[in-house]
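Atoms considered below: every heavy atom in the structure, side chains included; atoms not considered: hydrogens, waters and symmetry mates. Predicted, not measured: the structure shown is a model, and the values here were computed from it. Both ligands and their constituent atoms are indexed starting at 1 by order of listing. For this chain, numbers begin at 1 and follow the sequence in order.
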Amino acid sequence: MTLIAVAMTVDAAEEVPSALAAAAREVEAGAALVEWRVDLLAETAEPLPALRRLVAESPAPCIVTIRAAAEGGGYRGGDDVRVSILEALAAEHPSPRYVDVELAAMERSANLRAKVRLAVTHPRQPRDLTTGLILSSHDMETRPPNLSARVAAMVAEPACAVVKVAWKARSLRDNLEAFELLMGRAKPMVALCMGEWGVPSRVLARKFGALFTFARPQGEPGTAPGQPTVEELRRRWRWDRLGPATRLFGVVGWPVGHSQSPRLHNAGFDAAGLDALYLPLPVEGSWESFKATVGALVDFAPLDLGGLSVTAPHKEHLVRWVREQGGAVDPVSAACGSANTLLVERGTAGAGAVGLRTVNTDAPAAAAALAEALRGAGGARGAAGAGSAEGAGNPGNAERATRRTDGPLHGRRVAIVGAGGAARAVAAGCAEAGAAVVVFNRTPERAEALSAQLHGRGAPERPWHVVAGRPGELGCGCFHALVNCTTVGMEGGPAPQELPWEADVPLQDLVVMDTVYRPRETPLVRFAASRGARVVDGQAMFLRQAELQFREFAGRAAPPGLFERVLSDPEGFP
Ligand code: NAP
């Protein structure tokens, strides 16, 4: 079973008591090994008493590491000195469970190699309590060109009990190589990728049978980039329930660090009792990065990728890629030219074959959120009053909203402001539900292009009504609903404090929907409520698209209201 090793840095003898106390808290939290990283302590005049105490009082079996500066550590002394320290510790009772020495150090000198071998097979050690040697190799810059040769050399070293390789990931694909190394291991092994792209290798170490993964102590930066805390591993990434059969899902985008989707879908998998994990999967913005990375993730069968949420800037890339792969693009995604969901079906079309399918859950989610408000408004230009759409947690409603031709959107006139990706999905969703859609945009040519696109390739047989609006028409008083699909009002966007249209556009008794969901209460949401509109905030659409997506991923609905609770309770649902 893969263990969590918490990496504790101790630079000076005075830090030993607090380090022991901190390590005890980490062990209490779930760490099963403590790595004492004593690079600077080892350089002090008399490090042994402090080191002996760390080993003797360690709250869990420990690794002692004196990492050289060349491999990302802080130790600048001689190899002989640090190996002598490790040798002295290995001869003690109790001794460290492991000491870590770099392969490069062993290869620098035959004398050192002999000394290391002696250290871990010390005659004074009881046979069953010997200290194991972790032979390690790190590249803080990139994947080393001779990675395979390094692993082979470590395996071939008779004194090596554990092979450890770590390198800075250049993309998500490096994780796959770490998993391949773990699957082919000839000795107990740790294979980790560092940095933002390396998180899957740290979390899925358990799925692929690593001996351990490293965690950083709570509140500390950690000893390598990308280390999660013990708590993050266990609560956020469901460490305790991961295993060889765990299915992977995730969100692909750039950036994805802010995405709430992992919190939602992992809570859904917990509730459904499914052996599945959902991770943020950062993929740089280019088509080439998307194609290469998603292709590699899908093709790496042991990963068992079940599906992906796809967000900006890759929604168009997804449709293009699935078409190129001969997969199935659903009609709404085909018409929009973009999709937010990839489903990977394995073994359906023959041995080892993979079926790829897109789904666009943004479009029906927007339509359903709007339909709910129109229904609640009691008809065209109906009841006044603010409030977000109710029943957002019911994906069944979302489905019905897009399939029925007599639903609340049928025959309604919807004005959409904006002509980007969100506008396309909202326009398609509303048109599919039978609404007449008029698109207004700062750059009018893009509104024309949007209308043309939705009537072009992939448009459904039943014609959609989507046209570009003329200047001044937004305030004509002929719309039942106005939808903001611009980035105006978005936190971090171009105009976070502004309204997406002129303040004199009448809103009384209209449904006003904002697709912007960060913040939930945008300037438009506040303003429209104050003007007597029935308001739908961006979270209503966001929750619905996630619920529809979850149903595709899990084959069942998330419990009603769960996703809403997750969004409002970051502590309860990490
Ligand atoms: P996008 O493709 O970049 O399009 C941005 C749109 O905003 C364009 O039409 C652009 O007009 C317009 N715009 C930008 N700055 C403006 C300004 N200062 N004044 C007027 N118009 C301006 O963005 P997107 O992907 O469609 O996303 C739009 C919003 O929808 C974002 O806030 C996103 O978070 C949200 N969204 C929400 C959900 C959900 O589930 N709730 C789902 C998807 C997206 P030009 O064409 O003239 O540049």
Trainee: Would a 4.0 Å cut-off, counted as strictly less than, catch a protein heavy atom around atom 24 (P) of ligand 1?
Mentor: yes
Trainee: Taking atom types as modelled and ignoring hydrogens, do the side chains of N340 and T361 form a donor-acceptor contact shorter than 3.5 angstrom?
Mentor: yes
Trainee: Give a yes or no on whether the ring-centroid distance for F553 and H265 is below 6.0 angstrom.
Mentor: yes
Trainee: Measuring centre to centre across the rings, with the benzene-like ring taken for any Trp, is W167 within less than 6.0 Å of W197?
Mentor: no
Trainee: Among protein heavy atoms, which lies nearest atom 47 (O) of ligand 1, and at what distance?
Mentor: T443 OG1, 2.4 Å
Trainee: Nearest protein heavy atom to atom 37 (C) of ligand 1, by residue and atom, and its distance?
Mentor: T515 O, 3.0 Å
Trainee: Enumerate donor-acceptor pairs with a distance under 3.5 Å from any side-chain N or O in residues 567-574 to protein atoms, sequence neighbours excluded.
Mentor:
{"from": "S568", "atom 1": "OG", "to": "E564", "atom 2": "O", "distance (Å)": "3.2"}
{"from": "S568", "atom 1": "OG", "to": "R565", "atom 2": "O", "distance (Å)": "3.1"}
{"from": "D569", "atom 1": "OD1", "to": "E571", "atom 2": "N", "distance (Å)": "3.4"}
{"from": "D569", "atom 1": "OD1", "to": "G572", "atom 2": "N", "distance (Å)": "2.8"}

Trainee: Going by the atom numbers of ligand 1, which of them fall below 4.0 Å from some non-hydrogen atom of G418?
Mentor: 9 (O)
Trainee: Please collect all salt bridge (charged side-chain N to carboxylate O under 4.0 Å, His left out) contacts where either partner lies in residues 268-281, sequence neighbours excluded, each pair once.
Mentor: R238-D270, R241-D270
Trainee: Looking only at protein heavy atoms, identify the closest one to atom 2 (O) of ligand 1 and say how far it is in Å.
Mentor: G421 N, 3.1 Å
Trainee: Could you tell me whether F542 approaches ligand 1 through its side chain, its backbone, both or neither, with non-hydrogen atoms closer than 4.0 Å?
Mentor: both
Trainee: Strictly by modelled atom types, are S309 and Y278 linked by a side-chain donor-acceptor pair under 3.5 Å?
Mentor: yes
Trainee: Cation-pi check for W287 against R320: NZ or CZ below 6.0 Å from the six-membered ring centre and within 45 degrees of the axis, yes or no?
Mentor: yes
Trainee: Give me the nearest non-hydrogen protein atom to atom 14 (C) of ligand 1 as residue plus atom name, then the distance to 0.1 Å.
Mentor: T487 OG1, 3.2 Å
Trainee: Compute whether any side-chain donor of one residue and acceptor of the other, for E232 and W237, lie under 3.5 angstrom apart.
Mentor: no
Trainee: What residue and atom, counting heavy atoms only, is the protein's closest point to atom 18 (N) of ligand 1, and at what distance?
Mentor: R442 NH1, 3.5 Å
Trainee: Are any of the N/O atoms in G538 less than 3.5 Å from those in ligand 1?
Mentor: yes
Trainee: Students should be able to answer this: which protein heavy-atom is nearest to atom 10 (C) of ligand 1, and at what distance?
Mentor: N441 OD1, 4.1 Å
Trainee: Of all the non-hydrogen atoms in the protein, which one sits nearest to atom 12 (C) of ligand 1, and at what distance?
Mentor: T486 CB, 3.7 Å
Trainee: Run the numbers for me: atoms of ligand 1, each under 4.0 Å from some heavy atom of R446, listed by number.
Mentor: 8 (C), 45 (P), 46 (O), 48 (O)
Trainee: Would you please classify the geometry between the F479 ring and the F440 ring as parallel, tilted or perpendicular, with 30° and 60° separating the classes?
Mentor: perpendicular
Trainee: F550 and F269: aromatic ring centres closer than 6.0 Å?
Mentor: yes
Trainee: Among R518, R544, Q545, K315, which one has a heavy atom closest to atom 43 (C) of ligand 1?
Mentor: K315
Trainee: Under 4.0 Å, heavy-atom basis, I'd like to know which part of P494 is in contact with ligand 1: side chain, backbone, both or neither.
Mentor: side chain
Trainee: Measure C485 to ligand 1 on non-hydrogen atoms and call it side chain, backbone, both or neither using the 4.0 Å cut-off.
Mentor: backbone
Trainee: Within the structure, does A423 bring an N/O atom to less than 3.5 angstrom of an N/O atom in ligand 1?
Mentor: no
Trainee: Report yes if V516 has an N/O atom closer than 3.5 Å to an N/O atom of ligand 1; otherwise report no.
Mentor: no
Trainee: Under the 3.5 angstrom rule, does the side chain of R234 hit a backbone N or O of W239 as a donor-acceptor pair?
Mentor: no
Trainee: Return the residue, atom name and 0.1 Å-rounded distance of the protein heavy atom closest to atom 42 (C) of ligand 1.
Mentor: M541 CE, 3.7 Å
